[in-house]
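Convention: sequence-line order gives letters A, B, ...; per-chain numbering from 1. As the structure is a computational prediction, the values presented were derived from the model and not from experiment.
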There are 2 protein chains.
Amino acid sequence: MNIKEASEKTGVSSAAIRYYEKESLIPPIDRTEVGNRDIDTRIIRRIKFVTQMRAAGMSIENLRRYIELFDAQEDNTKEQKALLQEQLAVMEEKRDDLQAAIDHLNYKLNHFYDHMQETEEELRELEKQHAAKVDRESDAKNDETDIH
Amino acid sequence: MNIKEASEKTGVSSAAIRYYEKESLIPPIDRTEVGNRDIDTRIIRRIKFVTQMRAAGMSIENLRRYIELFDAQEDNTKEQKALLQEQLAVMEEKRDDLQAAIDHLNYKLNHFYDHMQETEEELRELEKQHAAKVDRESDAKNDETDIH
DNA sequence: TCTTGCCTTGAAGTGTACATGAAGGTTTAA
DNA sequence: TTAAACCTTCATGTACACTTCAAGGCAAGA
């Protein structure tokens with residue numbers, strides 16, 4: 001499979017695949033007689049793995065650290081486990097933050113006025129009053145994140 | 001409250017607060033007689049809102065779009081709702097992708113060998129065999145993302 | 001009065017993760 | 001045989017989200 005097909009199969013641009021190879025996020029890719037990359041399913045799997053971890057917010061740098069460790073000859077299962085667990089913790093925190101933001105937006109959405117007769121000005125007034133109330137109630141609580 | 005205190009209270013750098021003001025992610029901040037920013041709890045709340053949305057992956061550009069719409073005088077509740085729902089969908093997808101990656105890593109972690117006597121080479125052999133098996137079984141399935 | 005420590009603005013610099021361009025090679029189809 | 005459509009490497013460019021720097025002002029304490 002040439003790089004274009006691999007790109008289509010993975011949704012990763014050809015340039016990005018070359019970049020990943022250069023940065024050792026994927027193993028060195030075999031070349032044909034004329035020097036073109038010949039990509040097999042193993043590489044495809046690893047490109048997809050990179051994509052998934054990138055989407056989960058893992059940096060190129062950390063991904064390389066992890067992959068280097070995994071590909072190494074030495075017995076570093078412990079370190080691998082530690083690294084995995086570290087990354088898991090980061091991702092779980094990220095997921096929880098994301099969920100908190102989702103809850104926040106859902107709350108806002110559920111408290112929107114469905115009746116369009118209210119003017120935005122009225123809405124803003126109500127929001128302001130709410131904000132003032134919240135200020136009075138929890139000025140020192142310091143855990144408010146609502147926009148208004 | 002001066003900008004340094006606000007920075008400490010929010011965990012956002014002074015420079016970033018100035019940047020957010022310049023980019024209209026937070027409202028114009030009042031100045032003291034000598035021109036220093038005087039930051040109140042309303043601004044603090046909005047900084048935290050920005051932080052939360054940024055952490056959830058919303059870009060500065062989209063955040064500004066959203067805030068502009070929200071702060072506008074016109075009655076655009078419909079557009080606000082649509083924008084909120086759009087952002088919610090993006091975030092939920094992100095959360096699900098993240099959860100998939102977490103599951104993936106958890107799987108790997110749970111299948112790690114706890115007995116350290118196996119050498120990394122043996123481990124790699126097992127992984128290779130597994131990969132080959134998976135290749136045979138689902139070469140065309142095209143949904144594998146495991147690293148080995 | 002002079003140092004310390006805060007603040008201001010505006011401009012320029014930084015790191016990440018690619019994207020794009022230049023210059024050239026190969027294969028296929030008309 | 002010439003164009004189209006791939007490919008290669010290497011170098012440079014780009015977008016985003018800040019950070020850092022430069023040049024200066026204000027206020028308090030030694």
Side-chain angles (χ1 to χ4, degrees), chain A residues 1-40 43-44 46-68 87 90 94 97 101, chain B residues 1-40 43-44 46-68 87 90 94 97 101:
Chain A
M1 182 188 331
N2 67 20
I3 200 167
K4 206 190 179 206
E5 291 171 281
S7 166
E8 281 156 10
K9 209 156 196 166
T10 58
V12 176
S13 75
S14 299
I17 293 174
R18 293 194 193 98
Y19 174 73
Y20 289 165
E21 187 189 11
K22 201 169 139 213
E23 297 296 316
S24 305
L25 299 189
I26 54 179
I29 301 172
D30 293 341
R31 308 301 158 112
T32 65
E33 320 79 55
V34 298
N36 289 6
R37 284 172 183 79
D38 186 15
I39 297 174
D40 60 18
I43 302 291
I44 295 289
R46 303 231 0 196
I47 292 169
K48 286 184 179 173
F49 176 75
V50 169
T51 306
Q52 190 173 37
M53 292 302 136
R54 292 282 307 116
M58 197 182 209
S59 70
I60 297 286
E61 177 64 21
N62 280 348
L63 203 40
R64 185 177 29 225
R65 272 181 60 212
Y66 167 66
I67 288 170
E68 266 169 17
Q87 179 60 22
V90 170
K94 215 161 185 160
D97 286 353
Chain B
M1 182 188 331
N2 68 19
I3 199 166
K4 204 190 180 207
E5 291 172 281
S7 167
E8 280 156 10
K9 210 156 195 165
T10 58
V12 176
S13 76
S14 299
I17 292 174
R18 293 194 194 98
Y19 172 73
Y20 288 165
E21 187 190 11
K22 204 169 137 211
E23 296 297 316
S24 305
L25 299 189
I26 54 181
I29 301 172
D30 292 341
R31 309 301 159 114
T32 64
E33 320 80 53
V34 299
N36 290 4
R37 284 171 182 79
D38 186 16
I39 296 175
D40 59 18
I43 302 290
I44 295 288
R46 303 233 358 196
I47 292 169
K48 287 186 178 172
F49 176 76
V50 168
T51 307
Q52 190 173 40
M53 291 301 138
R54 292 282 306 116
M58 198 181 207
S59 70
I60 299 285
E61 176 64 20
N62 280 349
L63 202 40
R64 184 177 30 225
R65 272 181 60 211
Y66 167 66
I67 288 170
E68 266 169 17
Q87 178 60 20
V90 169
K94 218 164 181 155
D97 287 352

Sorted by chain and number, sequence neighbours left out, salt bridge (charged side-chain N to carboxylate O under 4.0 Å, His left out) with Arg18(B) holds for none
dist Arg65(B):CZ -> Met58(B):CE (nearest 0.5 Å) comes out at 7.5 Å
Rounded to whole Å, the CZ-C1' distance (Arg64(B) to dA15(D)) equals 13 Å
Does Asp97(B) form a side chain to side chain contact (heavy atoms under 4.5 Å, CB included) with Gln52(A)? I'd like the steps, not just the answer. CA-CA 8 Å; Asp97(B) 287 352; Gln52(A) 190 173 37; over 6 Å; no
Rounding to 0.5 Å, atoms OH (Tyr20(A)) and CG (Leu63(A)) come to a distance of 8.0 Å
Whole-Å distance, Asn2(B) CG to dC26(D) P, equals 17 Å
Just to be sure I understand the rule, does Ser59(B) reach a base, reach only the sugar-phosphate, or reach nothing, if contact means heavy atoms closer than 4.0 Å? sugar-phosphate
Here the residues of residues 16-24 of chain B within 4.0 Å heavy-atom distance, strictly under, of DNA chain D are Ala16(B), Tyr19(B), Tyr20(B)
Is the backbone of Ile29(B) close enough, under 3.5 Å, to the side chain of Glu21(B) for a donor and an acceptor to pair up by distance? yes
Describe the nucleic acid contact of Ser13(A) in one word from base, sugar-phosphate, nothing, applying a heavy-atom distance below 4.0 Å. sugar-phosphate
Rounded to the nearest 0.5 angstrom, the CG-CG distance for Asp30(A) and Asn36(A) is 12.5 Å
Separation between CD (Glu68(B)) and CG (Leu25(B)), nearest 0.5 Å, reads 9.5 Å
d(Asn2(B) CG, Glu8(B) CD) to nearest 0.5 Å is 8.0 Å
Output for pair (Ile3(B) CD1, Arg37(B) CZ), nearest 0.5 Å, gives 5.0 Å
One would report the end-axis bend of the helix from dT1(C)-dA30(D) to dA30(C)-dT1(D), five pairs per end and rounded to 10 degrees, as 20°
Sorted by chain and number, sequence neighbours left out, side-chain contact (heavy atoms from CB on, under 4.5 Å) with Ala16(A) holds for Val12(A), Ser13(A)
Sequence neighbours excluded, the answer for side-chain contact (heavy atoms from CB on, under 4.5 Å) partners of Ala6(B) is Met1(B), Ile17(B), Ile39(B), Ile44(B)
Of Ile3(A) and Met58(B), the one whose nearest nucleotide on DNA chain D sits closer to the 5' end is Ile3(A)
Separation of dA17(D) atom P from Met53(B) atom CE, nearest Å, is 15 Å
When Val34(B) and Glu61(B) are each assigned the nearest nucleotide of DNA chain D, the 5'-most assignment goes to Glu61(B)
In whole angstroms, the gap separating C1' of dC16(D) from CG of Leu25(B) amounts to 13 Å
Below 4.0 angstrom from OP1 or OP2 of dT9(D), is there any side-chain N or O of Arg37(A)? yes
Outer limits of DNA chain C sitting under 4.0 Å from a non-hydrogen atom of chain A, read 5' to 3', are dA17(C) to dT27(C)
